[in-house]
Protein chains: 2
Amino acid sequence: MKKPTIYDVAKAAGVSIATVSRVLNDDPAVKPQTRDSVLATITAIGYRPNLSARSTGSGRSRWVALLYQNPVIHYIHPIQQGAVERCRQDGHLLSVHACQHTGDALVDEVLGIVDQLQPRGLVLTLPLSISPALCEALRARDTPFVRIAPQGLDDPSARVYFDENTAAAAMTRQLLAAGHRRIGFLAGLPEGHPQPDERRAGHLRALAEAGIRPNAGLLACGSFHFEESIEPLRTMLGRRQRPTAVFCANDDMAAAALQVAAELGLRVPQDLSVAGFDDSYVARIVTPRLTTVRQPLHEMGWEAVDLILRGQAQPVMGQQRILPWQMVAGQSTADAPQDTR
Amino acid sequence: MKKPTIYDVAKAAGVSIATVSRVLNDDPAVKPQTRDSVLATITAIGYRPNLSARSTGSGRSRWVALLYQNPVIHYIHPIQQGAVERCRQDGHLLSVHACQHTGDALVDEVLGIVDQLQPRGLVLTLPLSISPALCEALRARDTPFVRIAPQGLDDPSARVYFDENTAAAAMTRQLLAAGHRRIGFLAGLPEGHPQPDERRAGHLRALAEAGIRPNAGLLACGSFHFEESIEPLRTMLGRRQRPTAVFCANDDMAAAALQVAAELGLRVPQDLSVAGFDDSYVARIVTPRLTTVRQPLHEMGWEAVDLILRGQAQPVMGQQRILPWQMVAGQSTADAPQDTR
DNA sequence: ATGAAAGCGCTAACAA
DNA sequence: TTGTTAGCGCTTTCAT
């Protein structure tokens, strides 16, 4: 038998298709009795409205698009999970897009998604979320979007983030309190990146508070990726005056630090403390478990979609939501070795 | 200005909307000149066809749905990535669904997705892909689907998989060749699970070939999850006659073995060899890197969508694709300690 | 509170 | 090779 349509429901319930449509859309104007009767026949004949038809008919879709690029899997997946869950609450669906291009081609790619899909809104994850050109283009199209991003771009678009600067400073202060004085920092963004690096800034701020001048040999960049962090860490940890602690701007890079430490015969945390950032899955499965900062990724995905579905992600007047972070104690950090104090 | 429609293109190009539609759908019946002219005006006015309208108009959508449940992130993400990429090649979009229910409710949930979205096909990942009830229901609906699953279910639906049994046997043989005789095995599926556990079967087969009887104390289950593996591993590795090697049915559980080994003061691989399975991201970022078996997850996602888009995923006559696997050498395995041989 | 009917943007016979 | 026109399944005025 064919899939039932709204006509089948109407006929079976003895009402017009308009009434069925009203029930489907929770129109308060329908009499409770009618509603119940329609609802009953809907389940009875197993009717389920066709999404595409609803979209074309109403001019607005029930899609939310999640965009990412070159993803660090532990970053993107929890966000996606939170987004899917929030979508479901409102009967929306999530469409995921792995963007490939950069620059103008990226803008074009994203606008293509917008025009074809006509989603209720877009969730932009890093690094897409800090692209001024992209945000500009979406604003010009008047498309709702939420940026999951720490930096401001000083614009009125909706944003979900947490205070990375303060969180990073807290971690560095904790290492300082444990007696560490030579603390290496492995940044995610390369120095001179157009966007400010809040994690790095927080770290440096805490150092400055303690009266410690940054040492160029103790700063490196791993681009947030495990593999790319190996070499910079070999260099940093191989120095004669090596740091007694390394603070990595995400957990994947901290995992790399554990590997390099083992390679160099350094025990963690006795000889070297390693701190991560994000409290991703990685932090829990490496040995020793990482001391890190919990970034609420799942909630961020949830909140981002929430903003969209509540209509609070208008590009010219977007709301901002700031979420809490939290220190997570692992076994990868300890007091600095006595002789280095 | 409003988003241009097919009418705007037709008017600007001086043709009918039917012709524009034909160009959009690569109808070979259009004269090359006309096609070019239409294409030119399409880019000129920045027209992009509305997906929903195309779906309602044609009765078939341009969606592929990826279903998962309680996902092991490193398993699901590469599959999703491969699926997204294959979708894009044919102008399709991927919709992801985190299923929540089980039993009848699950079937209902999935049929809801099918009816609403009307996707070209579904990609079912583990553990959904081994649910007879679900496959049965989809077959009844005549919905194309591809199962990413090792087991046969002895049915005619499309499937993408690799030979887990042989791969697992190869890993065990390799451990045997290194002199190990007491080899622990941490299974993903609990004993007595309705579906056959190919990895476990392969391991036992290799043991039998070597004339070794399975030892109940050396078999445990971690349900493919890191956390759930900790306790069973503590028990297994804490025995007086502990194994000299553990083979875990996925990398996440092998990471747990590394943690438990450290906890018990066992050096890996000197005191204990640890082998994983999947060659997921986890295998590369733990210390030491895992010896494991490469499961081509990305390709599996790609192939699954390929089957759908080529129309080779009909539930009553689905094609099967078997992909190659490969041993991956890490630093987590070594020869058995001399005194145990 | 409900129904009739005109869209929504596109596809697909059927003609020409 | 192209245009005309009737759908697709739903939403949404506008009446009643």
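So that the names make sense, note that chain A is the first sequence line, chain B the second, and so on, each numbered from 1.
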Asker: May I ask you to list the residues of residues 37-46 of chain A, by number, that have any heavy atom positioned under 4.0 Å from an atom of DNA chain D?
Answerer: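 None, since no heavy atom is under 4.0 Å.
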
Asker: Not counting sequence neighbours, which residues clear side chain to side chain donor-acceptor pair (under 3.5 Å) with A:H193? List them please.
Answerer: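 Result, side chain to side chain donor-acceptor pair (under 3.5 Å) vs A:H193: none returned.
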
Asker: To 10°, what angle do the rotation axes through the five end pairs on each side of the helix from C:dA1-D:dT16 to C:dA16-D:dT1 form?
Answerer: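 Its terminal axes enclose an angle near 30°.
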
Asker: With sequence neighbours excluded, what pairs up with B:R139 under the side chain to side chain donor-acceptor pair (under 3.5 Å) test?
Answerer: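 Here the qualifying residues are B:E136, B:D155.
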
Asker: Please list all pairs passing the salt bridge (Lys or Arg N to Asp or Glu O under 4.0 Å) test where one or both residues lie in residues 121-134 of chain A, with sequence neighbours left out.
Answerer: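 Not a single pair qualifies under salt bridge (Lys or Arg N to Asp or Glu O under 4.0 Å).
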
Asker: Can you measure A:Y7 atom OH to D:dT11 atom P for me and round it to whole angstrom units?
Answerer: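 Taking atom P of D:dT11 as the reference, OH of A:Y7 is at 11 Å.
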
Asker: What residue pairs, at least two apart or across chains, pass ring-ring contact (aromatic ring centres under 6.0 Å, His included) with a residue in residues 37-68 of chain B?
Answerer: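 Applying ring-ring contact (aromatic ring centres under 6.0 Å, His included) to every pair that reaches into residues 37-68 of chain B, excluding sequence neighbours, yields A:W63-B:W63.
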
Asker: Does the side chain of A:Q80 come under 3.5 Å of the side chain of B:H77 through a donor N or O and an acceptor N or O?
Answerer: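 Not at all, the side chains of A:Q80 and B:H77 share no donor-acceptor pair under 3.5 Å.
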
Asker: Say you draw a straight line from CD1 of B:I17 to OG1 of B:T5; how long is it, rounded to the nearest 0.5 Å?
Answerer: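 The OG1 atom of B:T5 is 8.5 Å from CD1 of B:I17, to the nearest 0.5 Å.
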
Asker: Specify the separation, in whole Å, of atom CZ of A:R62 and atom P of D:dG9.
Answerer: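 For the pair A:R62 CZ and D:dG9 P, the rounded distance is 18 Å.
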
Asker: Restricting to pairs with a member in residues 82-116 of chain B, which pass ring-ring contact (aromatic ring centres under 6.0 Å, His included), not counting sequence neighbours?
Answerer: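 Qualifying pairs: none.
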
Asker: Which whole-number value in Å describes the distance from A:D26 CG to D:dT11 C1'?
Answerer: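 Computing the A:D26:CG to D:dT11:C1' distance gives 14 Å.
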
Asker: Residues two or more places apart in sequence or in another chain: which of them pass side chain to side chain donor-acceptor pair (under 3.5 Å) with B:R22?
Answerer: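 Result, side chain to side chain donor-acceptor pair (under 3.5 Å) vs B:R22: none returned.
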
Asker: With a strict under 4.0 Å distance from non-hydrogen atoms of chain A, what nucleotide opens and what nucleotide closes the contacted stretch of DNA chain C, reading 5' to 3'?
Answerer: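 Range of nucleotides touched by chain A: C:dA1 to C:dC8.
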
Asker: Return whichever of B:P28 or B:S58 has its heavy-atom-nearest nucleotide of DNA chain D closer to the 5' end.
Answerer: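 The answer here is B:P28.
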
Asker: Out of curiosity, A:L189 CG to A:Q195 CD, how far, rounded to the nearest 0.5 Å?
Answerer: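 Reported to 0.5 Å precision, the distance equals 8.5 Å.
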
Asker: Are any of A:N50's side-chain N or O atoms less than 4.0 Å away from OP1 or OP2 of D:dC8?
Answerer: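 So the side chain of A:N50 is outside the cut-off, no N or O lying under 4.0 Å from OP1 or OP2 of D:dC8.
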
Asker: When we call it a touch if two heavy atoms are under 4.0 Å apart, what does A:T56 touch: a base, just sugar-phosphate, or nothing?
Answerer: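 It contacts base atoms.
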
Asker: Going by the rule side chain to side chain donor-acceptor pair (under 3.5 Å), which residues pair with B:S55 if we only count those two or more places apart in sequence or in a different chain?
Answerer: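 By the side chain to side chain donor-acceptor pair (under 3.5 Å) rule, B:S55 matches no residue at all.
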
Asker: By side-chain contact (heavy atoms from CB on, under 4.5 Å), which residues pair with A:D306, not counting sequence neighbours?
Answerer: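 Per chain and number, A:D306 pairs via side-chain contact (heavy atoms from CB on, under 4.5 Å) with A:R86, A:W302, A:E303, A:R310, A:R321.
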
Asker: Distances for protein N/O vs nucleotides 2-4 of chain D N/O pairs under 3.5 angstrom?
Answerer:
residue, atom, partner, partner atom, Å
D:dT2, OP1, B:T34, OG1, 2.4
D:dT2, OP2, B:K31, N, 2.9
D:dT2, OP2, B:T34, OG1, 3.2
D:dG3, OP2, B:S16, N, 2.9
D:dG3, OP2, B:S16, OG, 3.0
D:dG3, OP2, B:T19, OG1, 2.6
D:dG3, N7, B:R22, NH1, 3.3
D:dG3, N7, B:R22, NH2, 3.4
D:dG3, O6, B:R22, NH2, 2.3

Asker: Decide whether A:R48 and B:Q116 meet the rule of one side-chain donor and one side-chain acceptor closer than 3.5 Å.
Answerer: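 The answer is no; no qualifying pair exists.
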
Asker: Looking just at side-chain N and O atoms, do B:Q314 and B:Q319 make a donor-acceptor pair shorter than 3.5 Å?
Answerer: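 Looking only at side-chain atoms, B:Q319 and B:Q314 do not form any donor-acceptor pair under 3.5 Å.
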
